[in-house]
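Heads up, the thing below is written out as structure tokens.
Protein chains get the first letters and strands the later ones, always in sequence-line order, with residue 1 at the start of each.
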Amino acid sequence: MKEQPEPNEGSWPETPLLSEYAGEADMAELVTYFVGELNNRIQSIERAWQEQDKQRLRDHAHQIKGAAAGYGFPQITDSAAELERELNEEATIADLSERVEALIGLCRRATSSSDGA
Amino acid sequence: MQVCEHQIPRLLAVDDSELIHRLLKSRLRGERLEIHAAMTAEEGLDMARALLPEVILLDIDLPDQNGFDVLRELKTDSMTHDIPVIFVSGSTDADARVRGLDMGAHDFVAKPFDVAELKARIRSAVRICLLIKMLAQRAQIDGLTGLWNRAYFDQRLRQEFAEATRYDRDLSLILCDLDHFKALNDNHGHPFGDQVLEDFAEILSSGRGGDIPCRYGGEEFVVILPDTPADEAMIAADRYREAIRKMRWEEHPDVQSTASFGVADLNCLTERSTENLVDAADKALYRAKQQGRDRVCLADQSDQNDLKLSA
């Protein structure tokens, strides 16, 4: 797909983030599934952030942390781990905001690479 | 060996994330495993009890109930107690790992997992599970008395019989039965009956070294005496008889328990086999009962004739 990134994606560059398993035939279906899930989660995370629902934010971060690397996205796991850690440490809203944006940014890059594979 | 090695080992994964279940199903596809998924602690416990899988992969960070609580429940339920649990955690906290292992977990894997490592750890857990099952199946100790059980007796007698035959050695058997044991149970209660069984077992255990006392079933016991002719076995049996009739119990000082004994050795048999040896001792025991109990009888030719007639 040669489509341009969505117009409202704003400031950070949308270099597609590929799964480490991109190109492995037996992993393609799995990676596609995960990228689809990430798409849903981005919205969910954004909503939780808007509502300042730290518990839901923490649940998302925790689940993504545990799974992403398994699907070939270790950067997303690391980013989610940092967000989870800050949530547990009652960090300031500004710090959290940075973490949430970083995680969403990575997730968008993964989803923008069509199916990650 | 009765362990069902042909059966595909079953893995129960307890994790609140569908992302993990999909990943596991796909990444473990090549393994000889049947994978079952539970999303909550409650579902995990229910499935563990219903399935009795060979290995459980447990996310320790479950939301509805702490994964440690699930682990504790699995380990306190005798049904699930022996199932190896590999617990999975995204936390790198060593304290949590130590705690999980000390609570009886078999192993730990960090999440996100390395697939090759995860597979190896699962294989290791399945091996342990099969070994535990094998041990349980072949457990040869009688739970109440601590003596060898019937299964062990059958196997050991065949072994001793083979050796005695090969090296032309003596081999004796003492079969014994507590007298009026049912009445004792009825009058004084089963806990006391169990106490008497345990004490009688203790007496049989304190006999000559090398003799092999076993619980044959119920209130019946059997002692294998390798390298021992019948006349020596008679002396041993009479010592047991004396010991049990002298036994007194504080809580029931009026109770006297006695036992009857049947002794046989290979020379009592016209046709040598383990079955005939047990039968001969059994016939002699029957005679001891008939003649008034609290005595030792030796298998003789008339027993043999009985054997032949009844055969």
Please list, one pair per line, the donor and acceptor atoms closer than 3.5 Å that link side chains of residues 35-43 of chain A to other protein atoms, with sequence neighbours excluded.
{"from": "A:R41", "atom 1": "NH1", "to": "A:Q63", "atom 2": "OE1", "distance (Å)": "3.0"}
{"from": "A:R41", "atom 1": "NH2", "to": "A:Q63", "atom 2": "OE1", "distance (Å)": "3.3"}

At their closest point, which heavy atom of A:F34 faces which heavy atom of A:A67, and how far apart are they?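 Of all heavy-atom pairs spanning A:F34 and A:A67, the closest is CE1-CB, 4.4 Å.
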Under a 4.5 Å cut-off applied to non-hydrogen side-chain atoms, are B:I212 and B:E160 in contact?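 In short, these two side chains touch, coming nearer than 4.5 Å.
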Taking the side chain as every heavy atom from C-beta outward, state whether A:K54 and A:L96 have any pair of such atoms under 4.5 Å apart.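 Touching, per the 4.5 Å side-chain cut-off.
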What pairs with B:D194 under salt bridge (Lys or Arg N to Asp or Glu O under 4.0 Å), at least two apart in sequence or on another chain?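 By the salt bridge (Lys or Arg N to Asp or Glu O under 4.0 Å) rule, B:D194 matches no residue at all.
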Sequence neighbours left out, what passes side-chain hydrogen bond (donor to acceptor under 3.5 Å, both in side chains) with A:R99? Give chain and number order.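 Once residues adjacent in sequence are excluded, the partners of A:R99 under the side-chain hydrogen bond (donor to acceptor under 3.5 Å, both in side chains) criterion are A:E82.
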Checking an interface table here. Which of residues 45-53 of chain A come within a heavy-atom distance under 4.5 Å of chain B?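 Residues in range: none.
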Using a cut-off of under 4.5 Å on heavy-atom pairs, state which of A:G66, A:P74, A:A68 scores highest against chain B.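 It is A:G66.
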